[in-house]
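Reading through the structure tokens given below for one structure.
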Amino acid sequence: MDEELKQEIQDLKSDIYLLSNEINCQFIRLHDNFSSNINQLSEQIYKLSETQALTNKSIDNITINTDKENFQKTQKQPKIPDEYYIDYSYITDANYSSWVDNLKKYSKDMAECRDKKQITTFSESARNTLESAIEVLFDEEYKYINENNKSFLEAYNRVKSSYDKRKNSNWDLPQIYVNVPNSAIKSENLKNIDGIYVDRKNIEKIRRQSLPASVQIFFEIIKPNYMETQHLKENFLTIMNMNKLRALKTHGSKSDLDSQLNQLGYYAKKLYDSNENFETIQKVISWFVQEIYKRVCQISNN
């Protein structure tokens with residue numbers, strides 16, 4: 001009996017030892033696994049931190065390079081000189097606010113073209129300026145035509161006479177006088193001046209179809225037989241030659257450009273070749289608009 005008890009106690013001790021040893025081994029494995037996982041996690045955190053640092057550095061480099069590029073672009077694109085713009089601040093009448101907006105737009109276009117030495121597009125914007133001014137002029141002239149103000153009609157008559165004398169002309173100046181059977185007719189497009197009806201639509205046709213004829217009429221309003229007055233003659237010819245330069249195709253060969261200029265005539269070529277061509281045209285355009293504004297103010301105040 002004692003022997004059996006001893007044996008059972010011995011077996012129990014052996015089992016306890018084995019169980020303790022197994023628990024210890026399990027604990028060691030768990031510790032090793034936990035340590036391994038901690039190391040892996042630490043390594044992943046380190047790699048993520050390193051990646052974040054590289055990303056931040058790349059973003060900083062992109063920002064620096066972008067700022068540098070923007071600065072270089074700013075340095076490469078200096079401010080357009082103020083004298084390249086035409087000042088229209090003297091046009092203070094609120095009735096012409098929309099016209100002033102157009103003038104400022106064309107002035108900006110002209111300044112940018114002048115800065116880039118683009119004479120053809122510069123001339124196109126200059127023509128737009130002239131057309132906008134003539135539109136205002138013709139509207140006001142028609143509005144204020146009466147028995148005591150026939151300056152527009154007299155100027156038109158002189159220009160019409162010169163056009164009628166031309167030979168081989170491919171365009172006739174429209175007739176602004178019309179016969180109306182009913183003398184009592186009323187229309188916003190017809191105005192009775194001493195029994196003669198003036199057709200507004202045909203005045204508009206002149207403006208739309210021929211810049212040269214429209215400009216001539218205005219010069220005749222300023223000074224009858226204006227070609228006999230030197231500065232008016234020079235300004236008129238500058239406008240006419242500027243208008244020709246619009247048609248140039250400047251992206252071809254040098255010989256092709258010379259051929260085009262020769263076709264435009266001596267004075268157009270002279271204006272193109274001048275070192276002061278942009279300045280010359282701009283001064284005349286500025287003068288033209290000022291004279292138009294003076295004229296419309298004059299007739300509207302009488």
Side-chain angles (χ1 to χ4, degrees), residues 85-110 113 121-146 149-160 163 171-178 187-191 193 198-223 226 232 235-236 238-240 242-246 281-302:
Y85 295 88
I86 299 177
D87 180 18
Y88 296 114
S89 60
Y90 59 87
I91 304 179
T92 57
D93 191 326
N95 293 320
Y96 303 120
S97 59
S98 60
W99 178 37
V100 172
D101 289 341
N102 288 332
L103 291 175
K104 288 179 179 179
K105 176 185 180 300
Y106 301 140
S107 175
K108 180 176 179 292
D109 293 342
M110 289 174 65
C113 293
T121 49
F122 176 84
S123 298
E124 184 65 43
S125 295
R127 178 189 169 104
N128 290 337
T129 304
L130 296 176
E131 289 179 331
S132 71
I134 290 169
E135 181 176 6
V136 171
L137 174 73
F138 279 19
D139 283 345
E140 296 298 283
E141 289 287 354
Y142 180 80
K143 184 189 301 182
Y144 293 105
I145 290 175
N146 56 54
N149 175 28
K150 299 180 183 178
S151 297
F152 179 84
L153 300 181
E154 292 166 352
Y156 164 80
N157 291 339
R158 289 190 291 273
V159 174
K160 175 65 172 171
Y163 268 82
W171 185 78
D172 293 326
L173 190 69
Q175 177 62 259
I176 67 172
Y177 304 117
V178 294
S187 170
E188 63 178 12
N189 293 317
L190 293 173
K191 183 171 283 191
I193 306 296
V198 179
D199 189 342
R200 180 177 185 171
K201 290 184 178 180
N202 282 347
I203 293 176
E204 286 296 298
K205 187 181 293 184
I206 295 172
R207 179 183 65 78
R208 290 194 304 269
Q209 293 182 356
S210 177
L211 176 71
S214 301
V215 171
Q216 280 181 273
I217 290 173
F218 175 60
F219 272 80
E220 284 290 346
I221 292 173
I222 295 177
K223 179 76 173 178
Y226 63 90
L232 294 178
N235 287 351
F236 175 77
T238 295
I239 291 173
M240 293 301 104
M242 173 278 296
N243 193 45
K244 292 179 180 179
L245 294 182
R246 296 166 43 251
I281 294 171
Q282 182 174 321
K283 283 182 178 179
V284 173
I285 297 301
S286 177
W287 168 86
F288 188 89
V289 174
Q290 282 184 314
E291 291 298 317
I292 291 277
Y293 184 63
K294 283 164 58 177
R295 173 62 185 171
V296 296
C297 289
Q298 177 190 1
I299 59 178
S300 63
N301 292 328
N302 286 341

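Positions are given from 1 along the sequence.
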* To do: Determine, stepwise, if the pair K223 / F219 fulfils side chain to side chain contact (heavy atoms under 4.5 Å, CB included).
  => CA-CA 6 Å; K223 179 76 173 178; F219 272 80; over 6 Å; no
Would a distance-only check, ignoring hydrogens and angles, find a side-chain to backbone donor-acceptor pair under 3.5 Å from [X] to [Y]?
| X | Y | answer |
| --- | --- | --- |
| N202 | Q175 | yes |
| S125 | F122 | no |
| R158 | E220 | yes |

* For Y177 and N157, does a side-chain donor sit closer than 3.5 Å to a side-chain acceptor? -> yes
To the nearest 0.5 angstrom, please state how far the [atom1] atom of [X] sits from the [atom2] atom of [Y].
| X | Y | atom1 | atom2 | answer |
| --- | --- | --- | --- | --- |
| L153 | I217 | CG | CD1 | 10.0 Å |
| S214 | I203 | OG | CD1 | 10.5 Å |
| I292 | I91 | CD1 | CD1 | 10.5 Å |
| E124 | Y106 | CD | OH | 10.0 Å |
| L103 | S286 | CG | OG | 10.0 Å |
| T121 | L245 | OG1 | CG | 11.5 Å |

Between [X] and [Y], does at least one N-O distance fall below 4.0 Å, as a salt bridge requires?
| X | Y | value |
| --- | --- | --- |
| K105 | D109 | yes |
| R295 | E140 | no |
| K201 | E204 | no |

Smallest separation among heavy atoms of [X] and [Y], with atom names:
| X | Y | value |
| --- | --- | --- |
| I222 | W287 | CD1-CH2, 4.1 Å |
| Y85 | Q282 | O-NE2, 3.7 Å |
| A126 | M242 | CB-SD, 4.0 Å |
| S300 | C297 | OG-O, 3.1 Å |
| E135 | R207 | CA-CD, 3.4 Å |
| Y90 | Y293 | O-CE2, 3.6 Å |

* Asked: How about Y142 and F152: are their ring centroids closer than 6.0 Å?
  -> no
* **Ring centroid separation Y156 to F138 under 6.0 Å** => no
* Relative to each other, are the rings of F288 and F218 parallel, tilted or perpendicular (30° and 60° limits)? -> perpendicular
* To do: Please work out whether the ring planes of Y96 and W99 are parallel, tilted or perpendicular, with thresholds of 30° and 60°.
  => perpendicular
* Just wondering, more than 12 heavy atoms not from K191 lying within 6.0 Å of its NZ? -> yes
